[in-house]
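Worksheet: one structure, shown below.
Values below: all heavy atoms of this structure, side chains included; hydrogens, waters and symmetry mates excluded. Source: prediction; values computed, not measured.
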Amino acid sequence: MRDRPLQLLDWYDVHARSMPWRVPPADRKAGRLPDPYGIWLSEVMLQQTTVAAVRDYWRKFTARWPTVSDLAAADDADVMAAWAGLGYYARARNLLKCARVVVADHGGVFPSDRDVLLTLPGIGPYTAAAVAAIAFDRPETVLDGNVERVMARIHDVHTPLPTAKPHLMALAAALTPQDRPGDYAQAVMDLGATICTPKSPACGICPWRDGCAGRIAGTAASLPRKTPKKAVPVRHGFVYVVRRSDGAWLVETRPDTGLLGGMLGFPGSDWSDDPRPAPPVGADWRRLDATARHTFTHFHLELTILWAVVGSDSMPEKGFFQRRGVFTPAALPTVMRKVHDLVAESLPFGG
DNA sequence: AAACCGTGGTT
DNA sequence: TAACCAAGGTT
């Protein structure tokens, strides 16, 4: 069998996926490396998130904040609004923290060392290795969901995740080449994303098919094994949508920690088995004849929507009014945007 | 160390 | 359609 990394790099030279932040293999071989800021931004956005979902957000962020210094100087609310809809909002809070540390402690220059990168907010083992390898061509080993799957299959590893993770890491590290480590890292992930897919891998066209123990054993499609997850419960809650007579919307900035931390939203009850309404302002409340349903990572949510129209002298106990032109549903996390859309289509208020 | 933390696409 | 899944990190 020919050298596995070289086999994969030859495949990558032909089949590399094109991405806005990526430098194609031909250019990288000529010595060109990507902007570390763009790679860091892409890697944070790509955490548990598909390439398709990230593309437009990455373009929007780099157009508005072209350098890490620009991002570090941004207003928190602008960054959170720009991140709205992408999910895992702690990433956006850590993104800002990280940018500010890079400016304050590293002169606005991204560190190239994996262990230094690991000290930065929002950068864990995967992202530190990815930035070092992809942006600086350091021989670091990335272990993401793709690499775990590929390693489990070519070595026919039956130990379930996450127990198997250290073993899979050792197997992946043993393959990482000294030459073109950045392309190699991207190549394994492209292989996992396009050939060695979770459900029905395309073993027939895989550059690693010859030495793949999982394919030979007939177990590939069932690997990696994973310990079963718990069923997600259903929780309930109330949201309060207040329109002022001039069309302004009552919103609040959610606390920095916890679910949807730091994001804009409509005030509401807690989300529990037995929530109690606690309206943010005295008003003639009416119940909307529609329920907002949304699924988070660890629970389903059913929200009862209460709405009211108040006068221009209204002084809410919670939140603040955003006028027309300032308020935009695009700045809301998806569950709140669903609430907004249900209200907007039920109450023709002129947007 | 297990729980928490979003969303949209695929099966 | 409900479950699964995606370039994970933090506490």
Side-chain angles (χ1 to χ4, degrees), chain A residues 16-17 19 21-22 34 38-58 80 83-95 97-98 117-135 140-150 161-163 165-166 169 172 182 184-194 196-201 221-222 224-235 254-263 265 271 293-301 332-338:
Chain A
R17 289 181 293 171
M19 299 171 197
W21 51 85
R22 186 178 266 190
I39 294 303
W40 162 72
L41 181 63
S42 74
E43 289 301 340
V44 173
M45 288 182 165
L46 285 163
Q47 290 166 6
Q48 297 288 284
T49 307
T50 59
V51 171
V54 164
R55 271 203 167 85
D56 287 346
Y57 281 89
W58 188 89
M80 299 312 288
W83 195 277
L86 199 53
Y88 283 140
Y89 298 101
R91 294 186 293 174
R93 286 180 265 121
N94 286 327
L95 192 79
K97 284 186 195 167
C98 183
L117 287 162
L118 253 184
T119 69
L120 297 172
I123 297 187
Y126 164 76
T127 306
V131 171
I134 297 170
E140 302 291 351
T141 302
V142 298
L143 186 68
D144 72 327
N146 290 303
V147 182
E148 286 173 352
R149 185 169 61 255
V150 172
L161 286 168
T163 307
K165 196 163 178 171
M169 181 60 173
Y184 176 80
Q186 297 177 93
V188 199
M189 293 191 282
D190 274 19
L191 184 73
T194 63
C196 198
T197 54
K199 299 290 182 184
S200 38
S222 69
R225 294 187 181 175
K226 297 186 178 179
T227 55
K229 294 166 187 171
K230 294 194 301 185
V232 297
V234 180
R235 296 184 188 170
R254 299 173 61 86
D256 216 39
T257 57
L259 195 67
L260 310 180
M263 296 300 291
W271 298 341
R293 299 172 196 280
H294 190 73
T295 298
F296 293 100
T297 311
H298 51 298
F299 65 94
H300 302 290
L301 178 65
L332 298 171
T334 299
V335 62
M336 294 296 172
R337 189 176 47 69
K338 286 182 181 176

Distance check needed: B:dA2 C1' versus A:Lys165 NZ, whole Å only. 14 Å
Within less than 4.0 Å of OP1 or OP2 of B:dA3, is there a side-chain N or O belonging to A:Lys230? yes
Within the pair A:Arg17 and C:dA7, is there a side-chain N or O less than 4.0 Å away from OP1 or OP2? no
Polar pairs (N or O, both sides) under 3.5 Å between protein and nucleotides 9-11 of chain B?
none

Of A:Val232 and A:Thr297, the one whose closest DNA chain C nucleotide lies more 5': A:Val232
Looking at A:His294, does any N or O in its side chain come under 4.0 Å of the phosphate oxygens OP1/OP2 on B:dT7? yes
How would you label the contact of A:Leu86 with the nucleic acid (heavy atoms, under 4.0 Å): base, sugar-phosphate, or nothing? base
Please classify the nucleic acid contact of A:Ser42 as base, sugar-phosphate, or nothing, using heavy-atom distances under 4.0 Å. nothing
Under 4.0 Å between a side-chain N or O of A:Lys226 and OP1 or OP2 of C:dA6? yes
A:Gln48 vs C:dA6: side-chain N/O to OP1/OP2 distance below 4.0 Å: no
Within the 4.0 Å heavy-atom criterion, would you say A:Thr49 contacts the bases, only the backbone, or no part of the nucleic acid? base
Once you round it to whole Å, what is the distance between C1' of C:dA7 and CD of A:Glu148? 11 Å
Side chain to side chain, A:Met263 and A:Leu332, heavy atoms closer than 4.5 Å: no
Quick check on B:dG8: is either OP1 or OP2 less than 4.0 Å from any side-chain nitrogen or oxygen of A:Thr334? yes
Can you tell me how far P of B:dC5 sits from CG of A:Asn94, to the nearest Å? 15 Å
Ring pair (Phe, Tyr, Trp, His ring centres under 6.0 Å) partners of A:Tyr88, counting only residues at least two apart: none
Donor-acceptor side-chain pairing of A:Arg91 and A:Gln47 below 3.5 angstrom: no
Write down the distance separating the C1' atoms in B:dA1 and C:dT11, rounded off to the nearest Å. 10 Å
Show me the dot-bracket string of DNA chain C, counting Watson-Crick or G-U pairs under 3.5 Å, with | for pairs to another strand and [ ] for crossing ones. .|||||.||||
